[in-house]
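Indexing begins at 1, ligand by ligand and atom by atom, following the structure's order.
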Amino acid sequence: MNAYLQLLFNKKSFQNSLLFILALAIAPLAFSQTSATAPVDDAAVRERANLLLKQMTLEEKIGQLSQLFDFGKEKAIDDAVSKGQLGSLLFVTDPAEINRLQHLAVEHTRLHIPLIFGFDVIHGFRTIFPVPIAMAASWDPSTATKAQTIAAKEARAVGIDWTFAPMLDIARDPRWGRIVEGAGEDPYLGSAMAAGQVRGFQGDYIGAPDHILACMKHFAGYGAAIGGRDYDETYLPETLLQNVYLKPFHAAVKAGIGSAMSAYLDLNDVPATGNRWLLHDVLRDEWKFTGFVVSDANSVKSLQNHGYAQDVYEAGLDAFKAGVNMEMAIGFTAFSKSLAAALEKNQISAQQIEDAARPILEMKIRLGLFEHPYVDEARSREILATPEHRTAARLAAERTAVLLRNQDAFLPLKKDAYKKIAVIGPLADSQVDTLGSWVFQHDLAETVTVLAGLRHKLSAQADLSYAPGVQISRKFPSFFDEIFHLKPQPVWTPEQSKDEMSKAVDLARSSDLTILILGEAQNMSGEAASRESLDLPGQEENLLESVAATGKPVVLVLFNGRPLNVQWAAQHIPAILDAWYPGTQGGNAVANLLFGDAVPGGKLPITWPRDVGQVPIYYAHNTTQAPQNQGKRYWDEESTPLYPFGYGLSYSKFTFSNLRLSRNEIKPGETIDVSVDLENIGVTSADEVAQLYIHQQYGSTSRPVRELKGFERVTLAAHEKKTLHFSLGNDELTSWSTAKKAWVEEPATFDVWAGADSTAKLHANFAITQ
Ligand code: BGC
């Protein structure tokens, strides 16, 4: 008996003889598929799934298509699992409970098919990394890969096999709360971050040890919700869909992602969850996606709310026919109310049900769940406590911060220059707000706030005092507050508010330096967290201006998941550091950055408007009939942003020079090599992100004034110079032409720019000739 069978035989769960027979049948296959070194064999996986399907009843097949939220030990869920009526559960995170439920699935059901446990592992599991928009600000996909590798390892250790991430929605309207969950406004950067995250979550192949299945969401167009209002409809013309909004999803498919989530939204009058064009024509026919599609939570039943389905029966049927494989639902699924009856009425075929279930079974096989359905609880505790994970979180937070302003090299601060330091702001000592949204398994006690980080760094040199100054809260509470177990703070009376403001301003006045931490609380950003203003919430602006009025030096640190209106600060506060929601080690990272133990090198993954009235504003807008006054479209305000896409300062200075193209003319399909010299002309070793933009000057459709087509984050020592290389080929030069209804690489003249942000001046051009 080989080692694998020995293992099976020893397992208590396999003492059941039926199971043993099944195990024997699958053993040789299973062994080769789950070995750490061997990539999975597609044909063998398919065969094994088909073998199972042959033995499954209709009810069992429909069971595989069903996923329910499990918020606690519910008898109804136990019963459904024991009867094989569920293929997956989400929101169970306790390894002991996962094992208990898995035992029900594996030992109580006829065919012993394990459950797949899903969860929102968005920017960390126990170790919380900076929020996804911050990760995009690193302009370094390998930072995202490292973070999601750790997130996957921690999640898998407790028995979670599948994450509902990465979110790949392009978002160009910062009023939309979920902009924090994505990579910002640009399809090129978004695609690179998508691939980096898929690689982190899934590893080299689906089923790689310590990795989990990734799920790209929300397919598609959710980020363009009208008015930035979460869940509202989206109207996206074909050009934008193809050239912008679908791009990161396609990149994730190319990177081998195993699952996709259909979005809540109504896209061009067809809700995404019932949208066969999206879920079938694009995803399967065009992109050859072979994984499975899960609906967003309750989005199948919601087809009724959209006015797209008459009743729950039709909702289930519509979603199924559109291409949803698994329905995520609370309480019960529409599939359980419709699919069996629809089969009876010949509205769908038995083959269609098998085709829907097959990719789910295949993923369970690939993930090795049949062989290793249970987790080792002791090991899980060890993995969650790994100190290196916290170090990685700090490094990520340092890499993601963006230095927005640094007048007269105000930063970095000298450690011994200030004896008395005031740390002010409602977010300065709030652990939960240091983490951001979509965190559930974090440990608050080990979350380092900015105040704690500064104390840790400066305890010997300076006297640090803290005052919150103001309280901030949502006008309408978030339904997530309950899920996050957020206890409502006792609200200050008007007298207390006045008092607290005075205390903070007095503290600033009596200190040598104030570090203000302002921005949005974590529940102001994320799902159901859209807003109509981008102003600093509550009385924060008042606090900022009053503290600045003391005349004492002030540094502003922002916590945010979206650009905020910081126009006043951008003129009056010498230094502004955007820390986003920096995660578990956020406070240590911010302290390192402010005091020069780390150098900021992040860049904005989104255009930063002056005010909400400019929204939507993004760099890759189309050429117009009056380009000369593009910055003067409004009579009352510049129409340029406060900070452009790609922008971010450093403690050092860089120059770009010598932009060279290998050729001035190419034919379609050929490639041009682009090189540029980058030099650190400062005295500090630091990072710069070299960015390459192009513009197709004319063609069958009008093209954006600039499009990012290459970037590289580089570390250069003081005075170091390096030549960077990019290439422009078919992938970069092809776009969707609505006029031609096709992907085209057209003969035209192209501009090329290289530099430090989307306003780069260094220019060259080339032509594509027929
Ligand atoms: C969100 C998804 C999430 C799901 C499960 C939904 O409300 O839109 O992004 O994955 O819940 O938590």
Please determine if K146 forms a cation-pi arrangement with F129, meaning its NZ or CZ atom is less than 6.0 Å from the six-membered ring centre and no more than 45° off the ring axis.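 Not flagged: K146 not positioned over aromatic ring of F129.
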Under 4.0 Å, counting heavy atoms only: does [X] come that close to any atom of ligand 1?
{"X": "E181", "value": "no"}
{"X": "F119", "value": "no"}
{"X": "M261", "value": "yes"}

Subset of ligand 1 atoms that lie under 4.0 Å from at least one heavy atom of [X]:
{"X": "R178", "value": "1 (C), 2 (C), 8 (O), 9 (O)"}
{"X": "F164", "value": "10 (O)"}
{"X": "F91", "value": "12 (O)"}
{"X": "D120", "value": "3 (C), 5 (C), 10 (O), 12 (O)"}

### Task
Indicate whether the side chain of Y374 and that of H103 have a donor and an acceptor atom separated by less than 3.5 Å.
yes
Please determine, by modelled atom types, if W580 and T400 share a side-chain donor-acceptor pair under 3.5 angstrom.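 No, no side-chain donor-acceptor pair sits under 3.5 Å.
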Exercise. Do Y222 and Y231 come within less than 4.5 Å of each other through their side chains, counting heavy atoms only?
Worked result: yes
**Report entry** Side-chain heavy-atom pair D269, D266 within 4.5 angstrom cut-off
**Finding:** yes
Of all protein heavy atoms, the one nearest atom 11 (O) of ligand 1 is D296 OD1, 3.6 Å
Exercise for review: Over all heavy atoms of both residues, which pair between L444 and L435 is shortest? Give the atoms and the distance, please.
Suggested key: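 Taking every non-hydrogen atom into account, CD2-CD1, 4.0 Å.
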Quick check, are the ring centers of F91 and F71 under 6.0 angstrom apart? yes
Mode of K217 contact toward ligand 1 - side chain, backbone, both, neither (heavy atoms, under 4.0 Å) =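 Answer for K217: side chain.
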Ligand 1 N/O within reach of W438 N/O, cut-off under 3.5 Å
no
